[in-house]
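Structure first, then comments.
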Amino acid sequence: MAQINPSILSADFARLAEEARAVDGADWLHVDVMDNHFVPNLTLGLPVVESLRKATDTPLDCHLMIEAPDRWAPAYAEAGAGSVTFHAEAAAAPVRLAREIRAQGARASMALRPATPIEPYEDLLPELDMLLIMTVEPGFGGQAFLDIMLPKIRRARRMMDRHGLEMWLQVDGGVSASTIERCAEAGADVFVAGSAVYNADDPAGAVAALREQAERASGPHRH
Ligand code: DX5
Ligand code: ZN
């Protein structure tokens, strides 16, 4: 089943509760946490996640684009995030960190920037519930999808299949009606979409349309 996670980075931050409800039918709400160090942009942190948790029934998928995730990521799980993603490039001890996130009852996920290869992390995959392959340089919404990431998505899915892992494969950045099918064909099953959802006249309708496209494009190899 394809899952669509609207990114509230493209929403109106002064009306977050309302914006969360505007994507009724979304599988998860993607929350981009940026610290102006790991990426050149600053968004929101724990207090906003705690409030958002109370404002919506949609589970929160927190994407931490921060330095020192070893220090901060478990607190996001504790704050009620259902899934916590840290970046491989920033984590000092990714195995310990994934275990801490799981111990807090959340799904543990690791993200790779476009230039970070997946191969060095093959043995770590069983520690994770999801792998996020960035399809833009992290930091901003509305950027163009990087087609050159498709081979990495394919290699990641093959690697997961080879190890018999049930884990999810998420793509984030430039995912829209014109790119989601390529991602699904390559083996992604969780799709983050910011501008493609929140810039649409009918955000909930855009979520449903994207899911349908992804479902149709995903091959028979998908669960
Ligand atoms: C970018 C963020 C994305 C962003 C995606 O660094 O991680 O989640 O919101 O936005 P779009 O879908 O507009 O590329
Ligand atoms: Zn993101």
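All ligand and atom numbering here is 1-based and tracks the order in the structure. Scope of the values below: all heavy atoms of this structure, side chains included, with no hydrogens, waters or symmetry mates. Computed from a predicted model, the values in this text were never measured in an experiment.
Of all atoms in ligand 1, numbered sequentially from 1 with element shown, those under 4.0 Å from a heavy atom of A193 are 12 (O). Ligand 1 places these atoms under 4.0 Å from at least one heavy atom of M65: 6 (O), 7 (O). Numbered from 1 in the order shown, with element, the atoms of ligand 1 that lie under 4.0 Å from a heavy atom of S195 read 11 (P), 12 (O), 13 (O). Every atom of ligand 1 is numbered from 1 in the order shown, and the set under 4.0 Å from a heavy atom of H30 is 8 (O). Residue-ligand proximity, G141 to ligand 1, at heavy-atom distances under 4.0 Å covers atoms 10 (O), 13 (O). Interface of V192 with ligand 1, defined as ligand atoms under 4.0 Å from a residue heavy atom, comprises 8 (O). Atoms of ligand 1 lying under 4.0 Å from at least one heavy atom of P138, given by number and element, are 6 (O). Atoms of ligand 1 found under 4.0 Å from any heavy atom of D172 (numbered from 1 in listed order, with element): 2 (C), 3 (C), 4 (C), 5 (C), 7 (O), 8 (O).
No side-chain donor from either of Q170 and D189 sits under 3.5 Å from a side-chain acceptor of the other.
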Exercise. I would like to know whether H30 and D32 meet side-chain hydrogen bond (donor to acceptor under 3.5 Å, both in side chains); could you show each step before the answer?
Key: CA-CA 6 Å; H30 185 81; D32 288 304; 2.9 Å; yes
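A salt bridge links R162 with E122; the closest basic N to acidic carboxylate O contact falls under 4.0 Å.
When all heavy atoms of P138 and H87 are compared, the pair lying nearest together is CG-CE1, 4.3 Å. Nearest approach of A115 to P117, heavy atoms of both residues: O-CD, 3.4 Å. Heavy atoms only, all atoms of each residue included: E100 and P74 are closest at OE1-CG, 3.3 Å. Contact detail for V84 and A77: the closest heavy-atom pair is CG2-N, 3.8 Å. Taking all atoms of both residues into account, the shortest heavy-atom contact from L132 to V171 is CD1-C, 4.0 Å.
In terms of distance to the Zn ion (ligand 2), the nearest N, O or S atom of H63 is named ND1. No other N/O/S atom of D32 lies as close to the Zn ion (ligand 2) as OD1 does. The atom name of the N/O/S atom in D172 closest to the Zn ion (ligand 2) is OD2.
Under the 6.0 Å distance and 45° angle rule, R107 counts as a cation-pi partner of W168.
Ranked by closest heavy atom to atom 14 (O) of ligand 1, the top entry among A196, G174, G139, G194 is G174.
With respect to L9, the side chain to side chain contact (heavy atoms under 4.5 Å, CB included) criterion is satisfied by exactly one of V192, V33, L44, T43: T43.
Nearest to atom 1 (C) of ligand 1 among the protein's heavy atoms is F140 O, 3.5 Å. The nearest protein atom to atom 9 (O) of ligand 1, hydrogens excluded, is given as S7 OG, 2.8 Å; this is a heavy-atom distance.
Taking distance alone, with nitrogen or oxygen atoms compared against 3.5 Å, G142 approaches ligand 1 more closely than that limit.
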